[in-house]
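These numbers come from the heavy atoms of this one structure, side chains and all, not from hydrogens, waters or symmetry mates.
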Amino acid sequence: MSDDLDLDDPTTDPFEVARAAAAYLAQATGVTQHDVALVLGSGWGGAADLLGETVAEVASTDVPGFSAAAVHGHVGTIRSVRIGETGKHAMVLGSRTHLYEGKGVRRVVHGMRTAAAAGASVVVLTNGCGGLNPAWGPGTPVLISDHINLTATSPLEGATFVDLTDLYSARLRTLAREVDATLDEGVYVQFRGPHYETPAEVRMAGRIGGDLVGMSTTLEAIAARQAGMEVLGISLVTNLAAGISPVPLSHAEVLEAGQAAGPRISALLADIIRRV
Ligand code: 8IG
């Protein structure tokens, strides 16, 4: 990679790196336009399999600006998938860079900027998270209605003011509920992590209006909005948040809940993406 594509260099334009990444993907996949982008979070690894035919798959590390997957259970590839009979293509980002990896916010949102540069007008952000509502057992998918960003940072650089009213598209949430009328929705609170919350922090999240706690998504959603994309966020509650659950949290529990919920969330995602 040439130095002018180094996201760590503050003089680099991150949108230029995103255009280079999109050009690389177009060349490597033979797909000149991706209409939808999909980010697979914890528990969602197999959920893209029903979307349609995989046209091409590339290692994320070969694409300008992308880093290797850091979390067990995350997939380090970017796939181009033909969506059912629609003639559209989805860019499936099999893993994300988290803020807690310490690689900087530009890398966290690089997938969003790449998707936008590749032509995507809609992005579906999925994640695994903790739930505050005891009715949401492990394996419950929940639509994100809004977020509270407790990371104390932003993907926007300089005096860039972006309106976040209706960040999580009402149109796309309605469409998701047409697919599955039982879907609840909630406010996602992003902590930096990588530790899980204390029970007191979970109580705070509830009092300030949160329903879900996690370590991703909000910065990507902001960058997606800046890039003009419509955002759908879906969380998979893989565990009850600390102090709500009588048992301690474990990453094994997270992976198990994802596996058990696999068939339901796969079908859900495929149906939604065929209709966006
Ligand atoms: I999966 O309970 C998953 N990710 N912050 N809290 C936070 N992130 C999470 C949790 C959780 N579960």
Side-chain angles (χ1 to χ4, degrees), residues 33-44 47-52 79-94 96 108-109 111-129 131 133 136 140-149 155 162-190 209-212 214 216-237 261 264-276:
Q33 158 140 351
H34 286 89
D35 307 281
V36 181
L38 171 61
V39 179
L40 299 176
S42 293
W44 293 84
D49 294 348
L50 296 179
L51 286 185
R79 259 185 290 171
S80 179
V81 176
R82 190 176 299 118
I83 307 168
E85 310 300 301
T86 63
K88 292 186 174 180
H89 288 87
M91 178 187 294
V92 181
L93 300 154
R96 52 160 54 93
V108 173
V109 302
M112 296 299 95
R113 291 173 174 160
T114 298
S121 54
V122 169
V123 59
V124 180
L125 297 171
T126 68
N127 62 53
C129 73
N133 182 342
W136 295 336
T140 306
V142 177
L143 297 174
I144 299 177
S145 58
D146 203 347
H147 81 216
I148 297 172
N149 169 13
V162 171
D163 177 47
L164 300 182
T165 311
D166 193 24
L167 175 56
Y168 297 89
S169 163
R171 180 185 82 84
L172 293 176
R173 279 184 279 145
T174 299
L175 188 149
R177 264 190 244 94
E178 283 166 11
V179 171
D180 182 344
T182 71
L183 282 172
D184 276 340
E185 60 180 39
V187 172
Y188 180 91
V189 182
Q190 181 177 356
D211 303 293
L212 305 160
S216 69
T217 303
T218 73
L219 302 173
E220 292 153 89
I222 294 166
R225 166 53 54 95
Q226 178 193 27
M229 296 190 288
E230 227 183 335
V231 179
L232 178 66
I234 318 178
S235 287
L236 181 67
V237 175
R264 179 181 176 196
I265 61 178
S266 302
L268 177 66
L269 257 192
D271 279 357
I272 291 172
I273 284 180
R274 263 195 295 274
R275 293 173 191 222
V276 298

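A 4.5 Å side-chain heavy-atom check between Tyr168 and Leu232 finds every atom pair outside the cut-off. By the 4.5 Å heavy-atom criterion applied to side chains, Leu175 and Arg173 are not counted as neighbours. No side-chain heavy atom of Val124 sits less than 4.5 Å from a side-chain heavy atom of Val39. In this structure, Val187 and Ser145 have side chains that are in contact, with non-hydrogen atoms separated by less than 4.5 Å. Side chains of Leu183 and Pro141 form a contact here, defined as non-hydrogen atoms less than 4.5 Å apart. Residues Val36 and Ile83 meet the side-chain proximity criterion, which asks for heavy atoms closer than 4.5 Å. Using a 4.5 Å cut-off on side-chain heavy atoms (C-beta onward), Asp146 and Glu185 make no contact. Counting heavy atoms from C-beta outward, Met112 and Met229 have side chains that approach closer than 4.5 Å.
Separation of atoms CG (Leu236) and CG (Asn127) is listed at 8.5 Å; rounding is to 0.5 Å. Atom-to-atom distance recorded for Lys88:NZ and Ser121:OG is 6.5 Å, nearest 0.5 angstrom. Summarising the geometry, atom CD belonging to Gln190 is positioned 6.0 Å from atom OG belonging to Ser216; distances are rounded to the nearest 0.5 Å. Note that the CG atom of Leu50 and the OG atom of Ser266 stand 5.0 Å from one another [nearest 0.5 Å].
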*Please assess Arg225 against Glu230 for the test side chain to side chain contact (heavy atoms under 4.5 Å, CB included), listing each intermediate value before the final yes or no.*
CA-CA 7 Å; Arg225 166 53 54 95; Glu230 227 183 335; 5.9 Å; no
*Take Arg177 and Leu172 through the side chain to side chain contact (heavy atoms under 4.5 Å, CB included) test and state the conclusion after the steps.*
CA-CA 9 Å; Arg177 264 190 244 94; Leu172 293 176; over 6 Å; no
*Can Ile144 and Thr217 be said to form a side chain to side chain contact (heavy atoms under 4.5 Å, CB included), step by step?*
CA-CA 10 Å; Ile144 299 177; Thr217 303; 4.0 Å; yes
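Each of Asp163, Leu164, Thr165 was scored for a side chain to side chain contact (heavy atoms under 4.5 Å, CB included) with Leu167, with one residue passing: Leu164. Applying the side chain to side chain contact (heavy atoms under 4.5 Å, CB included) test between Leu143 and each of Asp184, Thr174, Ile234 identifies Ile234 as the sole match.
Scanning both residues, Ser235 and Leu212, for their nearest heavy atoms gives OG-CD1, 3.8 Å. Shortest non-hydrogen contact noted between Ala223 and Val109 is CB-CB, 3.5 Å. Between Trp136 and Asp211, the shortest heavy-atom contact is CZ3-O, 3.5 Å. Glu220 and Val108 make their closest contact through CG-O, 3.6 Å (heavy atoms, listed as atom of the first residue, atom of the second, distance). In plain terms, the two heavy atoms of Ile148 and Gly210 that are nearest each other are CD1-N, 4.4 Å. Gly119 approaches Gln33 most closely through the heavy-atom pair O-NE2, 3.7 Å.
No donor-acceptor pair closer than 3.5 Å links the side chain of Thr126 to the backbone N or O of Trp44.
With sequence neighbours excluded, the residues satisfying side chain to side chain contact (heavy atoms under 4.5 Å, CB included) with Ser80 are Thr29, Val31, His34, Val55, His89. Looking at residues two or more places apart in sequence or on another chain, you find a side chain to side chain contact (heavy atoms under 4.5 Å, CB included) between Ala48 and Leu38, Leu40, Leu51, Arg79, Val92.
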Which atom pairs, donor and acceptor, lie under 3.5 Å between side-chain atoms of residues 269-276 and protein residues at least two apart or in another chain?
unit_1: Asp271; atom_1: OD1; unit_2: Arg274; atom_2: NH2; d: 2.9

